[in-house]
Number of protein chains: 2
Amino acid sequence: MDIEARAHSEHPEALRLWLRMLTCSQLVEKQVRTQLRERFDTTLPRFDLMAQLERAPDGLKMNELSRRMMVTGGNVTGITDQLVAEGLVERIDVEGDRRAYRVRLTPKGRKLFNEMARQHEDWIVDAFSGLNEKEIGTLYKLLGKVKDHATQPRQETAP
Amino acid sequence: MDIEARAHSEHPEALRLWLRMLTCSQLVEKQVRTQLRERFDTTLPRFDLMAQLERAPDGLKMNELSRRMMVTGGNVTGITDQLVAEGLVERIDVEGDRRAYRVRLTPKGRKLFNEMARQHEDWIVDAFSGLNEKEIGTLYKLLGKVKDHATQPRQETAP
DNA sequence: TATTGTTATACTCTATAACTATA
DNA sequence: TATAGTTATAGAGTATAACAATA
């Protein structure tokens with residue numbers, strides 16, 4: 001097969017799929033951003049950071065937050081500073097490594113996050129209410145394959 | 001049923017699905033943005049605008065571009081200005097309405113876009129290469145239902 | 001009056017790179 | 001030297017609102 005024609009136009013389905021996925025994500029994301037701003041005067045990255053912490057009762061180190069949020073460290077510092085100033089999260093010293101912190105929710109932060117999360121879930125359930133349970137499961141499973149493939153360390157050439 | 005408990009925690013699958021979809025989109029989008037910057041010194045909104053025009057040989061009016069790109073008009077003006085300055089798109093007067101333009105690709109813009117689109121397709125095919133054809137089709141169909149539901153005019157109350 | 005498009009502005013989010021302190 | 005985190009900076013991306021021209 002002509003090497004130049006390798007993948008071109010053989011898989012237009014993948015392209016159409018991507019454009020549709022992007023549209024769906026943007027639709028839902030816009031809705032969530034707007035609601036977070038209007039109802040809680042906050043932003044998606046701030047909500048995301050608190051959501052990460054909600055699942056980690058002992059808190060997370062900055063580099064772990066950075067990895068999970070898929071943004072570089074400087075940004076996490078900025079968002080954390082805001083949330084600390086509002087008393088929603090706190091920095092805890094790590095024993096045995098005076099360079100590192102763990103960031104965790106304060107009781108106030110946890111309470112606020114729970115309120116936000118409850119409404120957030122409603123918005124999301126509404127956004128996906130065009131699907132039945134089985135379809136949601138199928139979508140979840142297929143996206144899992146996409147994620148796994150994209151997350152796996154690249155190994156383009158033969159072993 | 002208790003109204004407060006209406007949707008809460010009854011559909012955690014929708015929430016998990018959304019978080020996974022967001023992750024997938026961000027993974028692919030980050031990859032695309034990086035490649036567009038490194039290889040073509042351009043950005044995703046610029047690419048998106050050109051992609052919209054590529055499908056409209058006669059060009060699109062600003063408000064139509066704004067709607068399709070899901071951003072407000074001022075931003076479209078800014079991106080269009082950049083692309084006009086580089087000779088990639090042009091503004092054409094609309095007969096019968098001296099307020100409006102149509103924006104369309106120049107031959108130079110079309111040529112460049114075709115090059116970008118070919119590589120873009122490779123990146124996308126690679127991103128979804130963890131799925132087989134049937135799975136891509138299923139995913140496409142399910143996301144179509146999500147999109148249709150989110151796009152339909154809201155009608156929360158009874159008719 | 002309503003619509004098309006532009007201008008001006010402000011803010012969030014982001015990556016990069018230089019930096020400090022500690023390991 | 002390497003790592004954890006911060007600071008400083010610049011640019012992308014966005015929404016909002018006021019504005020001009022035309023319908």
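A, B, ... follow the sequence lines: proteins, then strands. Residue 1 opens every chain.
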Chemist: In chain order, what residues pass the ring-ring contact (aromatic ring centres under 6.0 Å, His included) check against B:Phe47, with sequence neighbours excluded?
Modeler: B:Phe113, B:His120
Chemist: Side chains of B:Thr72 and B:Asn75: any donor to acceptor distance under 3.5 Å?
Modeler: yes
Chemist: Could you list the residues that satisfy side chain to side chain contact (heavy atoms under 4.5 Å, CB included) with B:Lys111, not counting sequence neighbours?
Modeler: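 So B:Lys111 forms a side chain to side chain contact (heavy atoms under 4.5 Å, CB included) with B:Glu115.
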Chemist: Atom CG of A:Asn75 to atom P of D:dA8: distance rounded to whole Å?
Modeler: 15 Å
Chemist: Could I get the full list of salt bridge (charged side-chain N to carboxylate O under 4.0 Å, His left out) partners for B:Lys145, not counting sequence neighbours?
Modeler: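 B:Lys145 satisfies salt bridge (charged side-chain N to carboxylate O under 4.0 Å, His left out) with A:Glu135 only.
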Chemist: For the pair B:Val76 and B:Val71, evaluate side chain to side chain contact (heavy atoms under 4.5 Å, CB included) and give the outcome as yes or no after the intermediate values.
Modeler: CA-CA 7 Å; B:Val76 179; B:Val71 297; 3.9 Å; yes
Chemist: Can you pull the side chain to side chain donor-acceptor pair (under 3.5 Å) pairs that have at least one residue in residues 93-104 of chain B, sequence neighbours excluded?
Modeler: B:Glu90-B:Arg104, B:Asp97-B:Arg99
Chemist: According to salt bridge (charged side-chain N to carboxylate O under 4.0 Å, His left out), who are the partners of A:Arg91, at least two apart in sequence or on a separate chain?
Modeler: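 Salt bridge (charged side-chain N to carboxylate O under 4.0 Å, His left out) check on A:Arg91 returns A:Asp81.
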Chemist: Taking 5' to 3' order, which nucleotide of DNA chain C is first and which is last to have an atom within less than 4.0 Å of a heavy atom in chain A?
Modeler: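 Boundary nucleotides touching chain A, in 5' to 3' order, are C:dT12 to C:dA23.
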Chemist: Please work out which residues in residues 32-45 of chain A have a non-hydrogen atom less than 4.0 Å from an atom of DNA chain C and list them by number.
Modeler: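 Only A:Thr43, A:Leu44, A:Pro45 qualify.
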Chemist: Could you check A:Leu112 against A:Met116 for side chain to side chain contact (heavy atoms under 4.5 Å, CB included), going step by step and ending with a plain yes or no?
Modeler: CA-CA 6 Å; A:Leu112 174 60; A:Met116 294 196 294; 4.2 Å; yes
Chemist: Report the distance from atom NZ of B:Lys30 to atom C1' of D:dG13, rounded to the nearest whole Å.
Modeler: 14 Å
Chemist: Report yes or no: do B:Leu27 and B:Phe128 belong to one cluster of Ile/Leu/Val/Met/Phe/Trp/Tyr joined by side chain heavy-atom distances under 4.5 Å?
Modeler: no
Chemist: Where along residues 50-72 of chain A does a heavy atom fall under 4.0 Å from DNA chain C?
Modeler: A:Val71, A:Thr72
Chemist: Can you sort out the partners of A:Leu60 under side chain to side chain contact (heavy atoms under 4.5 Å, CB included), two or more places apart, ordered by chain and number?
Modeler: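 Applying side chain to side chain contact (heavy atoms under 4.5 Å, CB included) to A:Leu60 gives A:Gln52, A:Leu53, A:Ala56, A:Glu64, A:Leu65, A:Arg68.
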Chemist: Applying salt bridge (Lys or Arg N to Asp or Glu O under 4.0 Å) as the test, list every pair that has at least one member in residues 36-63 of chain B; sequence neighbours left out.
Modeler: B:Arg46-B:Glu86
Chemist: Which residues, if any, of residues 76-84 of chain B bring a heavy atom under 4.0 Å of DNA chain D?
Modeler: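 Of all residues in residues 76-84 of chain B, none places a heavy atom under 4.0 Å from DNA chain D.
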Chemist: Do B:Leu15 and A:Trp123 make a side-chain contact, defined as non-hydrogen atoms from C-beta onward lying under 4.5 Å apart?
Modeler: no
Chemist: Per the side-chain hydrogen bond (donor to acceptor under 3.5 Å, both in side chains) rule, which among B:Gln35, B:Glu29, B:Gln31 passes with B:Arg33?
Modeler: B:Glu29
Chemist: Step by step, work out the side chain to side chain contact (heavy atoms under 4.5 Å, CB included) result for A:Ile136 and A:Asn132.
Modeler: CA-CA 6 Å; A:Ile136 288 178; A:Asn132 62 36; over 6 Å; no
Chemist: Pull out every residue in residues 85-103 of chain B that has a heavy atom closer than 4.0 Å to any atom of DNA chain C, ordered by number, or say none.
Modeler: B:Arg91, B:Arg99, B:Ala100, B:Tyr101
Chemist: Report the residue (B:Gly74 or A:Arg46) whose heavy-atom-nearest nucleotide on DNA chain C is the more 5′ of the two.
Modeler: B:Gly74
Chemist: I need the minimum non-hydrogen distance between B:Trp18 and A:Ile124, along with the two atoms involved.
Modeler: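 For B:Trp18 versus A:Ile124, the nearest heavy atoms are CD1-CD1, 3.4 Å.
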